[in-house]
Every structure is written in C-alpha cells, then in structure tokens.
Number of protein chains: 2
Amino acid sequence: MTPRRPVRSYHHGDLKTALKKAALELVREKGPRGFSLNEASRRAGVTVAAPYRHFDDKEALLAEIICDGNAILEEETRRAANGARTITQKMLEAGVAYLRFAAEHADYFSVMFHSGIDKSKYPSVQLSATRAFDVILGLAQQKEATEKLARERAVSAWALAHGLATLRSEGALSETADQEADLQHLKPILRRFLDQPYQ
Amino acid sequence: MTPRRPVRSYHHGDLKTALKKAALELVREKGPRGFSLNEASRRAGVTVAAPYRHFDDKEALLAEIICDGNAILEEETRRAANGARTITQKMLEAGVAYLRFAAEHADYFSVMFHSGIDKSKYPSVQLSATRAFDVILGLAQQKEATEKLARERAVSAWALAHGLATLRSEGALSETADQEADLQHLKPILRRFLDQPYQ
DNA sequence: AGCATGATGTATGCGATATTAACATGCGGC
DNA sequence: GCCGCATGTTAATATCGCATACATCATGCT
C-alpha cells in the first residue's frame, strides 16, 4: 500500500536550479506577479523552508534569475553578431536576437523587466546587465568615431529593440502564428535605423 | 483641488479620486508592487471595505489609473505636436513629450507598464491606449505614402520613445539633476531617427 | 566506520491581503 | 420634513506568504 516511488532521495540534488525553473514556470502561467516562494517550493517537491538554504529570500531568487537571463541575452546577442560580417549587420543581427530573446524567453524577460525588484540592490544583477549591454556598446564603438557617439548609438539601438520587444510582449504589435516571420518583418525597422549615417 | 471637508464626515465626498491618488502615492514610494487596496484605503482615511463601492476589485482600480494615464499621455503628446510646424517636428515633439511624461508622471508610467495587470481584460484600457497611439499614427499618416508605411513609422517611433523612457526609468541612462536638460540631450537621438527618409 | 556538515523536514509565529455580508448614515430629491 | 439609495462602517472569512528555530537525515571526508 505504501506508494511506491522511485527512491526519492532526501537530498534533492539540485534544488537551486529546480526552484528557479519552478519560478519561471509560475511566471509563465500567472504573470510576473504570480510567483511565490511557497508555490515554487511545492512544485520543486520540497517544503517551504528548504529554499532558504539556497537563497537569502524571495527577491534573491528573482535576482539570480535576472542574472541568468542577462547571461543568456548576452550570449545570444554575441553569437548573432558573430554570424554577420559588417558592423552594421552585426548590430542588426544583435537587435534581432534581442527581439527573439524576448519572445522565446518571455518568462525571463518578464522577470527581468516586470518583476518590480529593485535591481540597484543587487550588484550582480547590474554587472550582468552591463555585460549584456557591452555587446552592443562594443559594436557601436567600432562604428563610431568618439566614445560619446558610440554610447549614444548603442543606447538608442538598445532602446529601440527593447521598446519593440515590450510593445510586442503586450500584444500591441500585430503578431501572426509564425514568430520567426514576425521577427523578419521587424528587421526593416531596425535596418533603417542602423543604416542611417550618424551625425 | 479636491473638495476636502474640514470636518471628518461620514461620507468622503470623492473617494474614488482619493483612492487613485493614494494608489499612485504608494507606487511612487514602494514601487509598482507596493500597492495594496488596504493601505490605499487607510491613506484615504477610509476602511478597507469602502473601495468596493467604487471598484469591482483591486485590478479594476489599477485599470482605471491606466486609463487616466493614457488620457494624460494622449493630451500631452497632442499638445506638444500642435506646438510644432512640420510633420517631422511634430513627431519629434511628441516623442519628447512621451519621455517627459514618463519622467514627470513616473507613477502613472509605472502602473501602466509595470503593474503586471492583464490589460486585455479591460476594453477601456485598450481603447485609451489606442487613442494615445493614434496621435502618433495620425502624424505618421501625414508623413508617409501608404498606410502600411505609416503604421510602421509610428510603431518604430513609439517603440524608440518607449524604450528610451524605460531605460531611463531604470537608471540605465546617465541622468543629471536637470530633467529638462537630459530630455533635450535625448532629442538628437529622436531627430536622427525621424529625419531619415523612410523606405 | 564514524563524524562533521550541509540539506531538508516539521512546527509555528506573525502579518498582510482581498473580499463579502450585514448594518449604519446622511445627502438630495420629493 | 421624510425617505431612498448611494456611500461607509463593522465584522468576519479565507487565504496566503515570509521567515525562523530546531530536529532529522544523508553524504562525503578522514
């Protein structure tokens, strides 16, 4: 009669990761506000006290997720840029990668920008964000003459991509079933923006 | 301003408005997550049950605030556009007005975009958002030949402004004490974007 | 094998919130 | 002046969440 379970060990093994996954799952289901440590613990098959061995508190978990998200974003924009030849094309592909990230990792994106946590309290978060931004900034520096212009170019490209991604995630932009096609449809917008000679 | 009674009377007079103000105040102090119906009631000097005479539930209050915010945004971008002569200048000023709105009404902006409410459940919210967007769209239609191009132009301008505003509100853009100066500093970015011939 | 240590469970305190039901009040129309 | 109806209050319910102290388990090191 005893429920025969496949030897669930007392020690979870990788609870930290499991909790982060559960949190993202919750965000996907119930939106950025739908996350709670308790529910995440339950889903990870663990009591509500266990998470505290791995995270200082609820916010700390979110902060780590944001770091992870920034790392993925950095990685993906960098790879996209590497696949192109000219600087302008690199920036274009990086922008597309940003939009793709926002769509494919909507859960991360949601936590990163809509979880309402005070990022300034977490240096690690700021560091990861800076690193992600540096991908674009690095490209802009190769494109522009002065540091000031490069920074301005990078900021505006970043902002455009971020704005498009946000509008998209809110359903303000008409979307079809084909994500990739929609993405390619937005490309011209980025291209026109980047093609223009700067100053 | 608000009809406030010196003597604490049983009936508040304009509780609906008072609650919305209190909510915005809370958001200003504690961020978009820091709002609760209970605390707002307290600040309005009323018990926690009173709000239900004016709003279906917590979300409904937020939804109304979003409508209000969209109305203000619409009004301010429209006025800014009216103050300029050429279409391009009108769009530029509208963009600056967007950024100014995000800075000066950071509380509204926060609720509008970071409160995590499902806007699709509130037609009134969507209507107000559409009306605000129509200001830009209307300008773009005068600037571009086809409807398709106009829409694209409007979307990208909107996205750029929104992205800049968001980055700004997160402290990603260096800011000085002088809000207005910072704003003028961002103008070139918008201008370069708008000056470019489209297609 | 035995022990130190870290990972998890148990029990519990505390606080907060949203929401509803039933009762009270007083403003404004008649 | 009176009474209805909107507006508030009292009171109660149902959750839920965070956090902590302490016991228990299992793993890996020696």
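We use all heavy atoms of the structure for the numbers below, so side chains are in, but hydrogens, waters and symmetry mates are not. Here is the naming used below: chain letters follow the sequence lines, and residue numbers restart at 1 for every chain.
Remark: B/Arg192 engages A/Glu152 in a salt bridge, criterion side-chain N to carboxylate O under 4.0 Å. In this structure, A/Glu93 pairs ionically with A/Lys187, as a charged nitrogen and a carboxylate oxygen lie closer than 4.0 Å. The pair A/Arg43-A/Glu25 meets the salt-bridge criterion, with a side-chain N (NZ, NE, NH1 or NH2) lying under 4.0 Å from an Asp/Glu carboxylate O.
The separation between B/Phe55 atom CZ and D/dA6 atom C1' is 15 Å, rounded to whole Å. Taking atom OH on A/Tyr52 and atom P on D/dA21, their separation rounds to 13 Å, with Å as the unit. Regarding B/Leu19, its CG atom lies at a distance of 12 Å from the C1' atom of D/dG8, rounded to whole Å. Atom-to-atom, CG of A/Leu37 to C1' of D/dT15 comes out at 17 Å; the value is rounded to the nearest Å. Here the C1' atom of nucleotide D/dC18 and the CZ atom of B/Arg33 are 16 Å apart, to the nearest Å. A/Leu15 places its CG atom 10 Å from the P atom of C/dA7, with the value rounded to the nearest Å. With rounding to whole Å, B/Glu59 atom CD is found 14 Å from C/dT17 atom C1'. A straight line from CZ of B/Arg53 to C1' of C/dC23 spans 11 Å, rounded to a whole angstrom.
OP1 or OP2 of C/dA16 has not a single side-chain nitrogen or oxygen of B/Arg42 nearer than 4.0 Å. Using a 4.0 Å cut-off, some side-chain N or O of B/His54 falls inside it from OP1 or OP2 of D/dG8. Between B/Asn38 and C/dT17, a side-chain N or O to OP1/OP2 separation shorter than 4.0 Å is present.
You'll find that the side chain of B/Asp57 is closest to C/dT19, out of C/dT19, C/dT20, D/dA19. For B/Ala50, whose side chain is taken as the heavy atoms from C-beta onward, the closest listed nucleotide among D/dG8, C/dT17, C/dT8 is D/dG8. Across C/dA18, C/dT10, D/dG8, the shortest atom-to-atom separation from the side chain of A/Thr47 is found for C/dT10.
Atom-to-atom distance recorded for B/Met112:CE and B/Ser128:OG is 7.5 Å, nearest 0.5 angstrom.
For the residue pair B/Glu180 and B/Gln184, a side-chain donor N or O sits within less than 3.5 Å of a side-chain acceptor on the partner.
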